[in-house]
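Structure first, commentary second.
Each ligand, and each atom within it, is numbered from 1 in the order the structure gives. Side-chain atoms are counted along with the backbone in the values below, which use heavy atoms only and exclude waters and symmetry mates. Since we're looking at a predicted model, the values are computed, not measured. Numbers here are sequence positions counted from 1.
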Amino acid sequence: MLVFPAVDPIPLPAPIWLLKLLHIVTLALHFVAVEMLLGGLLIAVLLSLFRGSALSHVTARALARRLTVVMTYVINLGVPPLLFAQVLYGRALYTSSVLIGIYWIAIIGILMLTYWLLYRFSTRLDAGKSAWWVGLIAWLLAGSVARLLSTNMTLMLRPEVWRDMYSASSMGAYLPTGDPTLTPRWLLMMAGGLFIGGLWLVYLSARSTFTPDEQRFVAGIGGKVAALFGLVYLAAGFWAFSVQPDAVKAGLSAHPLYKFAGFAGYGWGILVLVAVLLAAVAGFAKISSGLLSWSALLLAVLVEITFTVFRDGVRDLTLLSKGYDVWDRVVVTNWSVVGLFLVLFVAGLGVIGWLVSVVARAQKTMEGAPSI
Ligand code: HEM
């Protein structure tokens with residue numbers, strides 16, 4: 001019996017390798033922003049509990065002020081991979097999205113509430129008011145969005161349960177149960193949040209808007225959190241890998257690209273370990289420097305790229321084992337549209353670079369200065 005809906009008769013307008021490349025690049029950037037949000041927010045919440053400590057307060061404020069901006073990146077960098085995923089995996093992804101439709105649509109409302117709470121969190125910190133509970137609610141909501149995304153991204157790989165789910169609820173009100181890969185996969189992203197959030201603090205610690213005392217504190221906290229949760233992240237990665245079906249594990253270990261990207265071929269695992277070492281140096285020696293700062297940023301991006309490539313392998317191999325070959329599509333490339341897209345893509349990156357340079361050149365105020 002055919003488990004996947006029939007393929008769309010309209011051919012793909014661009015080569016599959018190009019769609020996959022763009023999908024992975026944009027999704028890796030989405031993951032960098034997501035991890036900064038999940039980890040940075042929890043660190044800020046914990047620091048905001050120590051209202052008596054000026055250093056904790058300044059660091060929590062510095063994070064909270066940036067989190068509203070990070071959220072814009074989470075959302076805007078989430079849209080392109082969503083479009084590419086729908087093009088490449090629509091028959092699976094649309095089906096799973098419809099099956100959990102109520103929760104899937106609810107993400108929009110949860111996101112708006114989270115966004116508003118992030119502003120409230122930052123404003124309350126600026127005003128010196130108790131803010132931890134506002135930040136905590138925002139974090140719980142963001143974590144629930146992550147859980148729903150993990151739910152959908154794993155449900156799309158399980159055509160064998162779709163029919164029963166639809167029988168149980170055709171309204172999309174029924175969440176799937178019994179998938180051993182779901183919770184490890186979600187917790188892997190949550191652990192990655194504290195790891196990347198810590199690296200983010202190591203990156204921030206070299207900013208001249210912090211006093212030398214604050215720089216040492218920020219590097220110390222960020223480095224220790226990243227070093228500890230880098231190890232947790234590694235363990236969660238092994239766990240998420242170990243619960244995959246045997247055919248998928250064998251395929252991941254045999255495929256040269258996935259072998260290189262994942263810990264079996266040392267890509268992701270080595271990068272996380274290097275980042276843990278760097279973070280431990282920054283954290284325990286309380287050092288902040290431009291070199292450490294930029295290295296932390298580079299490592300965070302590389303870790304997420306290798307992670308995304310490996311995760312893509314999990315999906316493709318799982319779907320292949322159920323009869324869905326992502327490479328098996330009719331392609332009729334419309335080169336003029338592809339060319340126009342690439343020109344606009346590069347122009348868009350240029351505009352973002354210009355925006356970043358404007359922000360970098362803007363007059364700086366010290367992080368600890370009272371808000372205007
Ligand atoms: C609070 C906001 C958000 C959080 C915490 C979040 C978190 C996550 C997580 C944890 C995953 C990985 C799930 C897994 O594979 O286990 C994910 C994937 C994804 N997210 Fe987000 N996300 C957020 C917002 C968004 C938004 C607003 C969009 C789109 C408009 C988006 C688009 C995507 C897409 C398309 C994927 C998976 C793509 C793929 O596998 O091909 N996300 N997100």
Side-chain angles (χ1 to χ4, degrees), residues 19-42 67-94 96-97 100 103-118 121 135 137-158 176 179-197 233 236-237 239-241 243-244 304-305 307-319 324 326:
L19 294 171
K20 277 187 86 69
L21 180 71
L22 290 166
H23 179 213
I24 287 173
V25 170
T26 52
L27 185 58
L29 294 176
H30 173 64
F31 284 157
V32 173
V34 163
E35 298 293 39
M36 286 168 76
L37 174 72
L38 290 172
L41 180 54
L42 186 58
L67 281 170
T68 48
V69 180
V70 168
M71 185 64 156
T72 63
Y73 283 94
V74 169
I75 295 171
N76 286 294
L77 290 168
V79 177
L82 184 57
L83 301 180
F84 292 123
Q86 285 167 353
V87 169
L88 291 168
Y89 305 98
R91 288 184 293 153
L93 184 54
Y94 283 131
S96 57
S97 304
I100 57 163
Y103 302 94
W104 191 237
I105 289 286
I107 288 181
I108 298 170
I110 303 175
L111 274 177
M112 287 197 284
L113 188 55
T114 312
Y115 213 164
W116 176 72
L117 286 169
L118 285 179
F121 180 52
I137 298 172
W139 181 76
L140 289 171
L141 290 174
S144 71
V145 171
R147 176 79 188 190
L148 288 174
L149 277 152
S150 291
T151 303
N152 201 3
M153 297 307 143
T154 47
L155 180 61
M156 69 175 276
L157 307 179
R158 300 171 72 215
D179 181 352
T181 69
L182 170 57
T183 295
R185 190 160 158 158
W186 173 60
L187 289 179
L188 174 61
M189 291 297 293
M190 299 305 279
L194 285 166
F195 168 60
I196 298 283
Y233 187 44
W239 183 28
F241 175 74
V243 292
Q244 297 301 325
E304 291 307 324
I305 290 177
F307 168 74
T308 309
V309 170
F310 194 72
R311 178 183 172 283
D312 196 52
V314 170
R315 169 161 50 203
D316 283 2
L317 290 165
T318 311
L319 284 177
Y324 187 117
V326 67

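- Closest heavy-atom contact between G237 and L188: N-CD1, 3.5 Å.
- Applying the side chain to side chain contact (heavy atoms under 4.5 Å, CB included) rule to P176 yields the partners I100, T151, L155, R158, M165; only residues at least two apart in sequence or on another chain are considered.
- Closer than 4.0 angstrom to ligand 1 lie heavy atoms from H23, L27, H30, F31, V34, L37, V74, I75, G78, V79, P81, L82, A85, L111, A142, V145, A146, L149, S150, M153, R185, M189, R311, R315.
- Applying the side chain to side chain contact (heavy atoms under 4.5 Å, CB included) test to T154 and every residue at least two apart in sequence or in another chain returns D179, T181, L182, R185.
- By the ring pair (Phe, Tyr, Trp, His ring centres under 6.0 Å) test, F195 pairs with Y233, sequence neighbours left out.
- Partner T72 forms a side chain to side chain contact (heavy atoms under 4.5 Å, CB included) with one of V69, I75, T68 and no other, that one being V69.
- The heavy-atom pair separating A33 from V70 by the smallest distance is O-CG1, 3.5 Å.
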